[in-house]
Amino acid sequence: MRKISLFVTIIIVFNSLSICTAVENELGIASVAGYKKVVEKIFTIYKEKNQKKIVGVFGNMQQIRTQVSESGLLKIIIGDKSSLTNDKILKIASFYDLGEGKLVIAYGKKYAIKDVSDLRKSTFTKIGLPNTKNAIYGIAALEYLNSKGLYKDLENKLLQVDTVPQVTSYIVANEIDCGFINLSDAIGLKDSIGGYVIINDGYSPIIISAGVIAGYDNDKDVIDFINFLKTKEVKDILEHYGL
């Protein structure tokens, strides 16, 4: 498996992360990068309705852990509930589940995939996937490939990057043929890609949840935001994006 990085995207991610260290009077919320489109939409509506400020941080789990440790300003983390529950650095006091995440294989406009086994065909030479150690859907993709006996056949075609948005950027730019991402991000791409195939099994269930970091359980801004997540307006957004 080869590892590549999309330099511009990495800069954008780390610029978002660095903002957090400069603002102390705002609600700091981190989210795994694969849900950036969904979470930013929720942020926008929340800020318009409540006239409150949010600092959004997006990256893989390792990047988020670093910010939690270094900034001390993050109060809520949105990501895979299982990963957050078992994380030794991120001490989560409570959760609000947003929905179940789905792994998909998305492909460029020049291609068509009916089944993931199609990736064995010589037509596909570059298959992207997020970081297999720190990104939820990179971990899920690797688990899926191994469970279905596909990894050895596809190993030389796999190109590993850091986050889901980097995979999608490569697909849209036709720099790779296809890639493993999440359903929400695939839906957000609309007509920028050829399509996608939903993968329903072969990997551990992914429950996307908003976790409140220990010590902020009674924080008014945190309580207000969690209550906002429970509204029909937010639930409709989540449903639209496949959650």
Side-chain angles (χ1 to χ4, degrees), residues 1-6 8-10 12-13 31-41 58-60 79-80 99-132 134-148 150-151 153-206 208 237-243:
M1 187 192 303
R2 289 167 287 174
K3 185 171 182 178
I4 52 177
S5 61
L6 185 58
V8 174
T9 304
I10 291 176
I12 292 172
V13 171
S31 171
V32 289
Y35 287 91
K36 190 172 189 288
K37 294 183 180 71
V38 189
V39 173
E40 284 190 326
K41 193 173 187 68
F58 302 91
N60 63 37
D80 171 44
E100 183 176 359
K102 290 289 185 181
L103 179 69
V104 308
I105 182 73
Y107 50 89
K109 291 185 175 182
K110 298 179 181 179
Y111 303 93
I113 297 175
K114 293 183 179 180
D115 186 85
V116 183
S117 61
D118 290 346
L119 299 180
R120 287 192 174 102
K121 296 178 181 178
S122 59
T123 308
F124 299 98
T125 60
K126 296 180 181 179
I127 303 168
L129 75 167
N131 189 293
T132 56
N134 294 309
I136 295 170
Y137 287 93
I139 295 170
L142 185 59
E143 188 176 353
Y144 172 78
L145 291 171
N146 283 320
S147 70
K148 299 299 181 180
L150 289 167
Y151 182 78
D153 292 341
L154 302 180
E155 183 176 7
N156 292 331
K157 300 181 180 183
L158 297 175
L159 301 172
Q160 184 181 164
V161 296
D162 282 331
T163 64
V164 164
Q166 287 176 256
V167 176
T168 57
S169 294
Y170 277 118
I171 295 172
V172 173
N174 294 315
E175 293 186 25
I176 59 176
D177 309 324
C178 56
F180 289 94
I181 61 174
N182 64 70
L183 177 58
S184 298
D185 204 51
I187 291 173
L189 288 172
K190 296 181 179 179
D191 299 327
S192 298
I193 59 174
Y196 56 87
V197 174
I198 299 175
I199 301 171
N200 291 308
D201 61 7
Y203 57 97
S204 302
I206 298 172
I208 301 303
I237 292 171
L238 296 173
E239 184 177 352
H240 172 76
Y241 282 96
L243 281 169

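Nearest heavy-atom pair, Ala106 versus Ile181, reported as atom, atom and distance to 0.1 Å: CB-CD1, 3.7 Å. Taking each heavy atom of Val167 and Phe180 in turn, the nearest pair found is CG1-O, 4.0 Å. Scanning all heavy atoms of the two residues, the minimum distance from Asn60 to Asn134 falls at CB-O, 3.5 Å. The nearest pair of heavy atoms linking Leu129 to Ala141 is CD1-CB, 4.1 Å. The minimum heavy-atom distance linking Thr132 with Ile139 is given by the pair O-CG1, 3.3 Å. Gly179 and Ile171 make their closest contact through N-CD1, 3.6 Å (heavy atoms, listed as atom of the first residue, atom of the second, distance).
A heavy-atom distance below 4.5 Å is found between the side chains of Asn200 and Lys102. Looking at heavy atoms from C-beta onward, Asp80 lies out of side-chain contact with Val32 at the 4.5 angstrom threshold. Within the 4.5 Å cutoff, side-chain heavy atoms of Lys41 are placed close to those of Tyr241. Side-chain contact between Val104 and Tyr137: absent, with no pair of heavy atoms (C-beta onward) separated by less than 4.5 Å. Between Thr163 and Pro130, every side-chain heavy-atom pair lies at or beyond the 4.5 Å cut-off. Two residues are said to be in side-chain contact when any heavy atoms from C-beta on lie closer than 4.5 Å; Ile193 and Val172 meet this criterion. Taking the side chain as every heavy atom from C-beta outward, Lys37 and Leu189 approach each other to under 4.5 Å.
In this structure, Lys126 NZ and Leu159 CG are separated by 7.0 Å, a value rounded to the nearest 0.5 Å. Annotation: the span from Asp201 atom CG to Tyr144 atom OH amounts to 7.0 Å, rounded to 0.5 Å. Residue Asp118 holds its CG atom at 6.5 Å from CD1 of Ile113, rounded to the nearest 0.5 Å. Between Arg120 atom CZ and Lys157 atom NZ the span is 9.5 Å, to the nearest 0.5 Å. For the atom pair Ile127 CD1 and Leu154 CG, the distance stands at 4.5 Å (nearest 0.5 Å). For the atom pair CG of Leu150 and CG of Leu119, the computed distance is 7.5 Å after rounding to the nearest 0.5 Å.
Residue pairs meeting the side chain to side chain donor-acceptor pair (under 3.5 Å) criterion with at least one member in residues 187-198: none, sequence neighbours excluded.
Using modelled atom types, no side-chain atom of Tyr170 and backbone atom of Gly128 make a donor-acceptor pair closer than 3.5 Å.
More than 12 heavy atoms of other residues, nucleotides or ligands lie within 6.0 Å of NZ in Lys148, so this atom counts as buried by the packing criterion.
For the pairing with Leu243, the side-chain contact (heavy atoms from CB on, under 4.5 Å) check across Leu183, Ile208, Ile187, Asn182 returns one residue only, Ile208.
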(request) Evaluate side chain to side chain contact (heavy atoms under 4.5 Å, CB included) for Asp115 paired with Val197, printing each intermediate quantity in order. (result) CA-CA 7 Å; Asp115 186 85; Val197 174; over 6 Å; no
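Here Tyr111 pairs with Phe124 under the ring-ring contact (aromatic ring centres under 6.0 Å, His included) rule; sequence neighbours left out.
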